[in-house]
2 protein chains.
Amino acid sequence: MEEYAVIFNQYLNHKGLKLTKPRRCILDTVFSMHTHFNAEELYDKIRGKTSSISLATVYRTIPLLLDAGLVQRALRSEGRERYEHIFGHPKHIHWLCRNCGDLMETDLNTLYPILEKQAQDLKFKPESIELNVKGLCWKCIPIENEKQSDEK
Amino acid sequence: MEEYAVIFNQYLNHKGLKLTKPRRCILDTVFSMHTHFNAEELYDKIRGKTSSISLATVYRTIPLLLDAGLVQRALRSEGRERYEHIFGHPKHIHWLCRNCGDLMETDLNTLYPILEKQAQDLKFKPESIELNVKGLCWKCIPIENEKQSDEK
DNA sequence: TGTAATGTTGTGAATGATTTTCAATACAAA
DNA sequence: TTTGTATTGAAAATCATTCACAACATTACA
């Protein structure tokens, strides 16, 4: 059994729940995708496979995966929650271009010492971190500059 | 005219829009609140005042305030977007307790140098930053520990 | 083997925040 | 005044997410 499945199984047992076939299928699909996804995209991906699982079950399973620490919330977009699995995948900073929608990621590690210091001071026990920066990517900075000179 | 109103006015002019009475009222209400708010709470606050403004107008004005850089998105909660005005109000880190829902804030400034370095490397022009940490606050850590020993 | 007890699922309906539509209005420029 | 354009409130529409419920699956145990 894959490591993520072991973790999910342990989590479910701990909660008195079972690793059923639909849950297993959703889990595998989540870990087969190496991009961010929303509930519908996940559902579509599963429909491509043999077994059909209802959208409700997908929605019901996501909170379990979050709670198990296997999936984290990513930048919400187009009115939908987005997620990504965490597995060998260190937490990162999301850089979202407001013009072209491109998403880049960088490492969060360098920020940890500072955050840990603050957490200590607050006596806060962090469980998840989300750092999103919005702005313009290098491709869109020139476009924006043109716009401004047009308006002059 | 207050500084924030000047800024909003400039922004609107720039876009060929006008600072109407409803917009002015929403703007003032936003800046009279020094906590996070969602659209409905903002609407309720306005209803307390004389002029009545429709919820639709509130929803229509929020994106303008965001785009003008006067308001920023805060931690979404209970299925609703939340906002806060930015004015002499340095950007901050949000620490949300998943147990009691308490929200604490700390300063983001110490992280800027690192973020700026990364932005330079990416050639990214940041416009807004959102850093959310979820976990347990000092009041709830002991409660959680009790739970765990109960389960043994 | 039967039979509770309990968790799980799919279907379809409900919910509820946010957007959109539309007709009426305000207001500036000509 | 006339014309054009932005703005508004009210009501309806949208649409992601959750819920209700009846049918199943699985286990424990008589």
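Atom CD in B:E41 sits roughly 11 Å away from atom P in C:dA17 (whole-Å rounding). In this entry the distance linking CD of A:E78 with C1' of C:dA17 reads 17 Å, nearest Å. We find that CD of B:E40 is positioned 11 Å from P of C:dG16, with the value rounded to whole Å. One atom, CZ of A:R80, and another, C1' of C:dG16, lie 17 Å apart when rounded to the nearest Å. Rounded to a whole Å, the CD1 atom of A:I53 is 12 Å from the C1' atom of C:dT8. At whole-Å resolution of the value, CZ in B:R73 and C1' in C:dA17 are 14 Å apart. Between the CD atom of B:E81 and the C1' atom of C:dT18 there is a distance of 10 Å, rounded to whole Å. Remark: P of C:dG16 and OH of B:Y43 are 17 Å apart, rounded to the nearest angstrom.
At distances below 3.5 Å, not a single donor-acceptor pair connects side-chain atoms of B:H94 with backbone N or O atoms of B:L103.
Between A:N132 and A:L96 the shortest side-chain heavy-atom distance does not fall below 4.5 Å. By the 4.5 Å heavy-atom criterion applied to side chains, A:M33 and A:L42 are counted as neighbours.
Nearer to the 5' terminus of DNA chain D, by closest-nucleotide assignment, is the contact made by B:A56 (compared with the other of A:A56 and B:A56).
The local environment of CD in B:E2 is crowded, with over 12 non-hydrogen atoms from other residues, nucleotides or ligands closer than 6.0 Å.
Among the atoms of the strands shown, base atoms are found under 4.0 Å from some heavy atom of B:R60.
With B:H36 as reference, B:E105 is the one residue of B:R82, B:E41, B:E105 to meet the side-chain hydrogen bond (donor to acceptor under 3.5 Å, both in side chains) rule.
Applying the ring pair (Phe, Tyr, Trp, His ring centres under 6.0 Å) rule to B:F124 yields the partners A:W95; only residues at least two apart in sequence or on another chain are considered.
Taking 4.0 Å as the cutoff to heavy atoms of chain B, we find the contact window on DNA chain D bounded by D:dA6 to D:dA10.
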